Participant: 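Could you have a look at this structure, given as structure tokens, before my questions?
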Amino acid sequence: MHDYSNNHNRHATVPALLVDELSVSFSMYGRGTAKADLDAIRALSLDVMPGELLAVVGASGSGKSVLAHAVMGILPKNARVGGRILYRGEPLTEKRLGALRGTEIAFIPQAVDYLDPLMRVDRQVIGTRGTRAAQEEIFARYRLAPEVGRQYPFQLSGGMARRVLFATAAVGGDVKLVVADEPTPGLGPDLCAKMMNHFRQFADAGAGVLLITHDVDLALGYADRVAVFYAGVTVEIATAAEFASGGAALRHPYSRAFADALPQNAFRPIPGRQPYAGGLGKGCPFFDRCTERRTDCASGDVPMRALRGGKVRCLHAT
Amino acid sequence: MRLNAKLVAAPAARMVLLLICVTVLSFLLVANAPIDPLTMYVGTESTLSDAAKAEIAEHWGLDDPLPERYLIWAKNALHGDLGTSITYKRPVADILKERFALSIWLMMLAWVFSGILGFLLGIAAGVRQGTAFDRAVKVFCLILQSAPAFWIGLLVLSFFAVRLGWFPIGMAVPMGKLAADVTLADRIHHLILPVLTLTVVSIGKITLYTRQKTVETMDSEYILFARARGETRGQIVRRHVVRNVALPAVTIQFASFSELFGGMTLAETVFAYPGVGSATTTAALNGDVPMLLGAVLIGAVFVFAGNLIANILYGVLDPRVRERGDYA
Ligand code: SF4
């Protein structure tokens with residue numbers, strides 16, 4: 001476990017990214033002409049400080065990938081977005097985003113499919129906002145041979161492709177926010193560790209890193225804080241250290257169970273299934289599976305609140 | 001790039017088979033059609049004696065058994081002798097040479113115009129998927145695709161040539177003008193309406209195809225990533241869409257030589273344009289077997305050439321095929 005708490009950037013006061021009660025729903029045409037709204041995210045709140053690596057964790061299907069697309073402004077046309085997204089204290093409007101994407105705000109996708117199959121790697125890394133000189137320097141930094149630039153994406157090995165994707169983020173120059181979507185599946189443990197180091201480097205250089213991952217175990221070794229996502233809502237934000245030490249230090253019954261289910265902890269899975277975000281009504285989304293539920297949990301709002309240095313969305317957490 | 005044997009050998013074998021099938025079929029169709037080539041040759045009001053008629057039939061081999069007639073034709077064709085046309089009373093090879101020179105202009109111009117316009121229109125519609133413009137393009141192309149080529153030709157003819165009188169109603173050169181006096185301008189003037197017709201006939205397919213490929217490309221993850229990296233729609237179209245859509249579009253355009261040849265035949269017939277197409281129609285109507293087989297042969301070779309180019313081009317243009325193995 002690293003200790004990053006000495007990092008001076010952690011004392012900055014304006015978050016690189018602040019997401020406040022974000023909601024995303026998709027309007028779909030079902031049978032007939034009835035239009036139904038599918039909720040992907042219901043209430044997502046988190047903040048990423050400069051120099052900090054925040055891991056967003058949660059079982060698959062909790063809507064975490066949509067978060068990355070919402071921040072980057074690349075949701076499909078049928079998406080409806082509510083809540084606020086602030087970048088360095090100012091709303092991230094479409095216009096602002098247009099100017100900042102690819103320079104200050106970088107997206108690191110998960111797979112080589114995100115590269116144009118017919119364009120050589122060097123031109124892709126340069127993109128519309130980088131320079132040849134920057135690309136060559138970054139290739140050296142990521143130990144990519146200059147010849148790799150002349151190749152096409154299909155010729156890259158898994159590890160090389162990941163480094164190329166990192167290179168696309170670094171080429172903009174002054175990266176202040178990195179949004180990464182599930183970047184690790186399909187890699188061996190060595191490569192995973194290398195990837196996580198690359199993320200850590202972005203944070204150590206002063207950028208805020210929002211890392212969306214299903215591999216909590218891996219992320220805990222590199223992240224400063226962890227946001228736990230459940231059925232379209234953030235249920236808790238805790239430090240990585242609290243998370244790694246097992247459930248006891250955590251605030252929310254779900255994250256406690258989640259932490260306990262990790263291999264290095266007791267590995268006790270929680271019974272029941274995560275409900276689909278769109279199928280939920282009022283009250284706490286964890287109600288059905290919660291061992292500490294009380295009658296008032298089933299109705300009314302369950303807001304996110306500060307507790308013991310972290311945040312929790314539970315009426316009865318202490 | 002190494003010319004892959006597989007890339008050429010298999011299509012070549014298919015080609016030989018195709019030629020045999022097409023010629024046998026055409027041969028059977030004409031030989032069994034209720035048209036008497038002898039009557040067509042001598043005319044219905046001929047005063048020739050039966051003996052003279054029999055001599056002519058003998059000369060053309062009209063009474064020989066069918067398999068024998070076909071084999072004789074095939075043997076001569078292999079030696080480069082396509083026989084003599086009953087209708088035009090000249091060697092088929094000479095007629096084809098003259099007429100194909102006219103047809104190829106018509107086909108290539110329409111091919112290039114429909115290809116370029118269809119590609120641009122398809123991309124413009126595809127990146128605006130779901131808008132009124134996109135829907136209009138789609139409906140327009142579907143109508144064109146389902147409309148018969150000769151009907152489009154007749155519309156073009158009646159509007160531009162008859163109503164407006166801008167263009168001649170037919171032929172390749174002004175009527176009654178000596179061959180030596182025909183200018184390039186005359187030829188172009190006569191070519192415009194057939195080319196327009198064939199372009200309109202061909203544009204639906206390539207537009208719809210390009211549009212579909214554009215929609216698929218716009219939905220891809222690399223376009224999403226390009227947006228996330230701050231590329232504008234114009235940059236995305238120029239840098240990624242054109243490149244990724246051009247590859248299949250060029251291929252399909254070469255593979256469409258069969259439709260092009262078919263459309264050309266109808267366009268030439270409507271405009272009485274003296275190319276291979278109108279000769280094919282005439283030959284078929286007159287029971288002129290050598291002429292028809294010659295035309296069918298040249299059509300099949302033309303279509304085959306298009307398919308072969310499409311196959312080879314894919315290997316040249318697509319780096320995934322071209323450079324496979326180089327870094328393995
Ligand atoms: S609000 Fe109630 S039901 Fe929800 S997690 Fe807390 S105690 Fe459990």
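Protein chains get the first letters and strands the later ones, always in sequence-line order, with residue 1 at the start of each. Given the structure is predicted, the values throughout are model-derived calculations rather than measurements.
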Participant: How close do B/R239 and A/M119 get, counting heavy atoms only, and between which atoms?
Facilitator: O-CE, 3.3 Å
Participant: Under a 3.5 Å distance rule, please check whether A/R101 uses its side chain to pair with a backbone N or O of B/R227 as donor and acceptor.
Facilitator: yes
Participant: Which answer fits A/L156, side chain, backbone, both or neither, if we ask what part of it has an atom under 4.5 Å from a heavy atom of chain B?
Facilitator: neither
Participant: Side chain from CB out, backbone as N, CA, C, O: work out which of these in A/T168 comes under 4.5 Å of a heavy atom of chain B, or both, or neither.
Facilitator: both
Participant: Which answer fits B/Q235, side chain, backbone, both or neither, if we ask what part of it has an atom under 4.5 Å from a heavy atom of chain A?
Facilitator: side chain
Participant: What part of A/F107 gets closer than 4.5 Å to chain B, counting heavy atoms only: side chain, backbone, both or neither?
Facilitator: both
Participant: So which part of A/V179 gets closer than 4.5 Å to some heavy atom of chain B, the side chain, the backbone, both or neither?
Facilitator: neither
Participant: If you count heavy-atom pairs within less than 4.5 Å of chain B, which of A/D116, A/I105, A/L97 leads?
Facilitator: A/D116
Participant: At their closest point, which heavy atom of B/A228 faces which heavy atom of A/I74, and how far apart are they?
Facilitator: N-CG2, 3.8 Å
Participant: Which answer fits A/R123, side chain, backbone, both or neither, if we ask what part of it has an atom under 4.5 Å from a heavy atom of chain B?
Facilitator: both
Participant: Between B/R229 (side chain only) and A/A169 (backbone N and O only), is there a donor and an acceptor less than 3.5 Å apart?
Facilitator: no
Participant: For atom NZ of B/K138, decide whether the heavy atoms of other residues, nucleotides or ligands shown that lie under 6.0 angstrom number more than 12.
Facilitator: no
Participant: Check each atom of B/I223 against the heavy atoms of chain A and say whether the ones under 4.5 Å are side chain, backbone, both or neither.
Facilitator: neither
